[in-house]
Amino acid sequence: KPFLFVLCFCYIDIVAPQKLSYFLINSIPISLIVFGLAIVGWLVFDDKRDTRWSGRQSLLVILLLYCWATTVNADFPVEAQDKWSWVWKALVWAIFLPLTLRTKLRIEALALIMLLSAAAIAIAGGIKTAAGGGGYGSLQLLLSENYGLYEGSIMSTVGIAIIPLILWYRKHGTVFQPDWRVSLFCFALCFACMLLPVGTQARTGLVCLIVLAILSLRAVKHRLLYIVGAGLLAAAAIPFLPQSYTARMETIRDHRADESASTRVAVWAWTWEYAKDHPFGGGFNAYLQNHLRVERAASSNANAAPQEALPSVYEDKARAYHSSYFEMLGEQGYPGLILWLVLQAAGLFRMEQLRRRYLKTRRAEEQWIAPLATALQHGHIVYMVGSLFVGIAFQPFIYMMLALEIGLSTYCRRREQQSGWRPLMARPAQVPARHAFPAER
């Protein structure tokens with residue numbers, strides 16, 4: 001079963017067990033070994049009759065080649081090679097992964113492994129937060145370093161983005177049949193994901209949670225009841241939030257008086273000017289050359305520290321982008337940013353197509369498609385919003401979600417080609433049964 005190597009690599013790439021271990025596997029390049037086994041296993045042993053290629057995979061190939069070209073000509077060749085060493089694997093994996101997603105079972109298995117792998121981090125963060133731990137920059141998830149999803153703002157964004165996928169699995173999963181135990185675990189996992197922005201005190205997580213709450217209005221049946229319930233739940237949760245969290249969230253309204261936010265705006269302004277002189281980007285980690293003059297306004301918060309009560313001007317340098325959009329603009333220039341935006345927009349558009357096409361289908365075997373397309377689209381939108389404030393343009397977990405979208409799209413296209421597409425809201429008696437699609441398990 002070579003597909004098991006594919007799932008194994010996804011787990012390794014998300015959880016990084018080699019970094020959690022004290023001995024043995026931390027001295028073995030297990031990520032590279034399983035990466036090779038997955039690709040070789042697919043090439044040699046896997047059935048490739050139903051394999052399909054997508055236009056978005058072509059975009060990923062172009063983006064991969066363009067990133068290689070900017071790395072060769074980077075402003076900081078050594079530092080650029082360091083980031084390139086994991087970016088190319090994320091892009092190659094996103095190109096390869098849809099080729100293996102031939103059946104519904106494989107699509108579901110990938111979604112399940114991604115959810116459970118992220119759950120290992122989210123549950124740890126949720127328990128620590130509920131027990132009274134946390135704080136900006138101080139909540140340790142499973143690692144004490146900012147690696148992958150173990151960085152607070154990144155995990156907060158991803159944790160909120162996977163909530164729609166968790167709720168989809170609660171209803172449509174088959175590996176674990178839907179029952180009260182699956183529902184209890186899924187609801188508890190959603191709660192742990194919602195606790196992450198509180199524990200990490202990441203403002204990005206709060207913004208993503210609000211966006212997801214608004215997007216969920218499309219999927220709920222009783223919208224008025226949902227709005228009232230969400231409002232009451234939010235009002236009831238406020239008294240239980242730590243004061244440090246509410247104080248940090250208030251800086252969203254008074255961002256010019258916040259040092260972190262003021263520095264980000266200064267970095268974005270520098271990147272915009274840099275791109276005018278370097279339209280093709282400066283390669284990975286080009287931000288290392290920035291020198292900033294940051295102007296912070298006086299805080300209007302009565303509880304602000306004395307040093308924040310007056311405006312100030314200070315200088316800084318080598319500050320990261322803290323935005324995927326400016327990360328792409330500064331490192332890959334206008335062509336790279338356009339490629340990246342087209343890739344995201346194409347995924348959102350295709351998920352909307354699938355959602356509308358299968359939303360009212362009467363066929364039992366297709367009831368899971370529209371909800372999955374909706375869940376992936378909502379998670380993707382949350383990622384795009386979170387990317388405004390976090391530099392995760394090449395985050396491997398997000399590219400796995402893109403691969404899952406591509407796999408769902410090619411699976412549906414193959415079904416329609418083999419069975420002959422008909423209006424899916426027609427009654428079963430009106431739909432010809434010719435070219436029946438084979439059962440897939």
Side-chain angles (χ1 to χ4, degrees), residues 1-17 31 34-35 37-39 41-43 45-48 50-54 56-57 60 89-122 148-149 158-159 161-178 182 185-186 189 193 347 350-351 354 368-380 383 395-415 440-441:
K1 302 292 183 180
F3 185 68
L4 293 178
F5 286 124
V6 174
L7 300 179
C8 185
F9 178 79
C10 291
Y11 161 75
I12 292 172
D13 206 36
I14 297 170
V15 180
S31 178
V34 178
F35 181 84
L37 288 174
I39 294 181
W42 177 79
L43 288 172
F45 300 106
D46 207 8
D47 186 357
K48 291 173 276 294
D50 298 328
T51 299
R52 296 291 187 276
W53 184 264
S54 169
R56 277 171 287 167
Q57 288 171 280
L60 285 167
K89 284 194 293 185
L91 292 175
V92 168
W93 190 250
I95 296 167
F96 164 74
L97 195 51
L99 301 177
T100 67
L101 302 178
R102 299 184 296 102
T103 66
K104 175 186 180 294
L105 179 61
R106 290 192 174 195
I107 293 173
E108 179 188 337
L110 175 61
L112 177 62
I113 288 297
M114 290 173 60
L115 290 178
L116 293 180
S117 299
I121 306 172
L149 295 186
V158 170
I162 64 174
I163 289 178
L165 200 56
I166 297 170
L167 296 177
W168 171 84
Y169 193 86
R170 185 186 75 86
K171 287 187 176 181
H172 301 280
T174 58
V175 175
F176 295 101
Q177 294 292 336
V182 172
F185 179 84
C186 288
L189 180 55
C193 290
R350 180 56 178 159
M351 291 301 100
L354 293 179
W368 61 277
I369 295 177
L372 179 56
T374 304
L376 290 172
Q377 185 191 55
H378 288 182
H380 198 153
Y383 159 69
Q395 167 53 236
F397 186 90
I398 302 303
Y399 280 88
M400 290 183 198
M401 286 188 66
L402 286 175
L404 194 57
E405 292 180 5
I406 297 172
L408 176 63
S409 177
T410 55
Y411 169 83
C412 292
R413 189 172 72 226
R414 176 168 56 86
R415 279 186 62 96
E440 297 177 343
R441 288 302 298 175

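What's counted below: heavy atoms across the whole structure, side chains too, no hydrogens, waters or symmetry copies.
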Closest non-hydrogen atom pair, Leu110 against Cys10: CD1-SG, 3.6 Å
Approximate separation, where rounding is to 0.5 Å, of Lys89 NZ and Asp13 CG: 7.0 Å
Straight-line distance of Ile369 CD1 to Leu372 CG, nearest 0.5 Å: 8.5 Å
Min side-chain heavy-atom separation Leu408-Met351 under 4.5 Å: yes
Pair Ile162-Tyr169, side-chain contact (heavy atoms from CB on, under 4.5 Å): steps then yes or no: CA-CA 11 Å; Ile162 64 174; Tyr169 193 86; over 6 Å; no
Evaluation steps, side-chain contact (heavy atoms from CB on, under 4.5 Å), between Cys8 and Leu37: CA-CA 10 Å; Cys8 185; Leu37 288 174; over 6 Å; no
Between CD1 on residue Ile107 and NZ on residue Lys104, distance to nearest 0.5 Å: 8.5 Å
Reported OH-to-CG distance for the pair Tyr411 and Leu101, which is rounded to 0.5 angstrom: 11.5 Å
Closest non-hydrogen atom pair, Gln57 against Ile95: NE2-O, 2.7 Å
Full working for side-chain contact (heavy atoms from CB on, under 4.5 Å) between Trp368 and Thr174: CA-CA 11 Å; Trp368 61 277; Thr174 58; over 6 Å; no
Evaluation steps, side-chain contact (heavy atoms from CB on, under 4.5 Å), between Arg106 and Phe3: CA-CA 8 Å; Arg106 290 192 174 195; Phe3 185 68; 3.8 Å; yes
Atom of Gly379, atom of Pro164 and distance for their closest heavy-atom approach: N-CG, 4.3 Å
Check: Pro17 main-chain N/O paired with Tyr11 side-chain donor or acceptor under 3.5 Å: no
N/O donor-acceptor pair under 3.5 Å between Thr100 side chain and Leu97 backbone: yes
Among Phe5, Phe96, Trp93, ring-ring contact (aromatic ring centres under 6.0 Å, His included) partner for Phe35: Trp93
Heavy-atom pair with the smallest gap, counting every atom of Ile14 and Phe397: CD1-CD1, 3.5 Å
Nearest heavy atoms of Gly407 and Pro98, plus distance in Å: N-CB, 4.1 Å
Distance, nearest 0.5 Å, that separates CG of Leu149 from CD1 of Ile121: 4.5 Å
Sub-4.5 Å side-chain heavy-atom contact between Arg350 and Leu354: yes
N/O donor-acceptor pair under 3.5 Å between Arg102 side chain and Asp47 backbone: yes
Atom pair CE/CG of Met114 and Leu165 - distance to nearest 0.5 Å: 7.0 Å
Residues forming a side-chain contact (heavy atoms from CB on, under 4.5 Å) with Thr374, sequence neighbours excluded: Arg355, His378
Whether His172 and Trp168 hold their rings parallel, tilted or perpendicular, with breakpoints at 30° and 60°: parallel
Closest non-hydrogen atom pair, Val182 against Gln177: CG2-O, 3.4 Å
4.5 Å side-chain heavy-atom contact, Leu402 and His380: yes
Phe9-Trp42 aromatic ring centre distance below 6.0 Å: no
